[in-house]
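The structure under discussion appears below in the form of structure tokens.
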Amino acid sequence: MGPAHGTMTAFSTIVVALGERSYEIRIGRGLIAEAGTHLAPLLGARGTGAEMIVVTDRNVAEHHLGGLEDSLRASGISSRTIILQPGEQSKDFAHLARLMDDLIGAGLTRDSMVVALGGGVVGDLAGFAAAIALRGVDLVQIPTTLLAQVDSSVGGKTGINTAHGKNLVGAFYQPRMVLADVTALETLPRRELLAGYAEILKYGLIGDAGFFAWLEEHGAALIEGDAAARMEAVARSCRAKAQVVAADEVEHGERALLNLGHTFGHAMEAETGFSDRLLHGEAVAMGMVLAFELSAQMGLCPEADAKRLRAHLEAVGLAADAAGYGFTADALIGHMRHDKKMRGGRITFILAHGIGEAVIAPDVEPAQVERLLTRALAAHGAG
Ligand code: GLY
């Protein structure tokens, strides 16, 4: 049984402050079952006759769609649902075209609201569709994975992949609200939970050494299912991201800090064909270690901080070491040359002066990166 219509259990609120486009991230337990109560006020003068179109995937639908639909119905909101194939392969032009046809063919109007229920793929694809359909219809994100709750659903990045790489076509398009229901994490496979944890850790590494220390203490409990620790970690992560996004929405500057570990990570994902062999968060975890080791090699950061990061990843069960995958330095650098962050022969990296002190380094010599990777990729088994 869901809650009675109109009830709301306690939740935390974080505001992404973007003037007229400001919105709330609400974090709590059971928010999907109460979604109608949270979302109805967003319809404003349109009234509850305006339609919500829920976009989700088959796996997420199995666990969460019924609860969401019941809740919308209980609030008098009419909705219909489009169910996508799960997986990264849905984030391409062909699937976008099909989704646009489904949305528009079934009578989407400017009063409609797209509700993205799912992980990063659903959020990115449905978000981009909402950005361009009829030149933009309202969007709500209901992230159901840890990665989506702490990163991809917040801040308005939407888009699809092309044959040349990930997320190369897209738009900054902010949602009207993000509802992060931490009970959704209970049905998440452990591997996906750990991959999302890497993005949580990222916020500590970028700008909050105290949060990193908190994660050293509570990270294992959070992964094992401690609901209070999950709430706290999601809220602290979203607060950190909201601040960065409010200061630099379209990534002219400090938002790039959120890409810590991502230049290495994307190269590793490209090398494994963006397949299940290596999840995004797993690549980011190893990429963050490489970013700290590169920082140490360049004399920017104490070696001890790179070791501390490595030790924490190992303690929670995330691989720290990229050496076991058969990557070569040349292949990874080759992928980096196609990254969005490449400018004039040099690669922009996010480096660090220490834990909690990340910096943008726009001018890293490929030779430095090659030296690091040659050493790191050969070190497998060396401890
Ligand atoms: N995931 C990085 C960003 O949203 O900027």
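Remember, it's 1-based here, ligands and their atoms both numbered in the order they're listed. Start at 1 with the first residue, then count along the sequence.
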Neighbour list for ligand 1 [protein residues, heavy atom under 4.0 Å] = Asp151, Lys157, Lys241, Glu251, Arg255, Leu258
Hey, what's the ring geometry for Phe212 with His312, parallel, tilted or perpendicular (30° and 60° as the breaks)?
-> perpendicular
Does some side-chain heavy atom of Glu24 sit less than 4.5 Å from a side-chain heavy atom of Arg176?
-> no
Taking the side chain as every heavy atom from C-beta outward, state whether Leu373 and Phe327 have any atom pair closer than 4.5 Å.
-> no
Do Ser237 and Glu199 get their side chains close enough for a donor-acceptor pair, meaning under 3.5 Å?
-> no
Between Thr9 and Glu34, does any side-chain donor sit less than 3.5 Å from a side-chain acceptor?
-> yes
Is the closest side-chain heavy-atom distance between Ile142 and Val140 below 4.5 Å?
-> yes
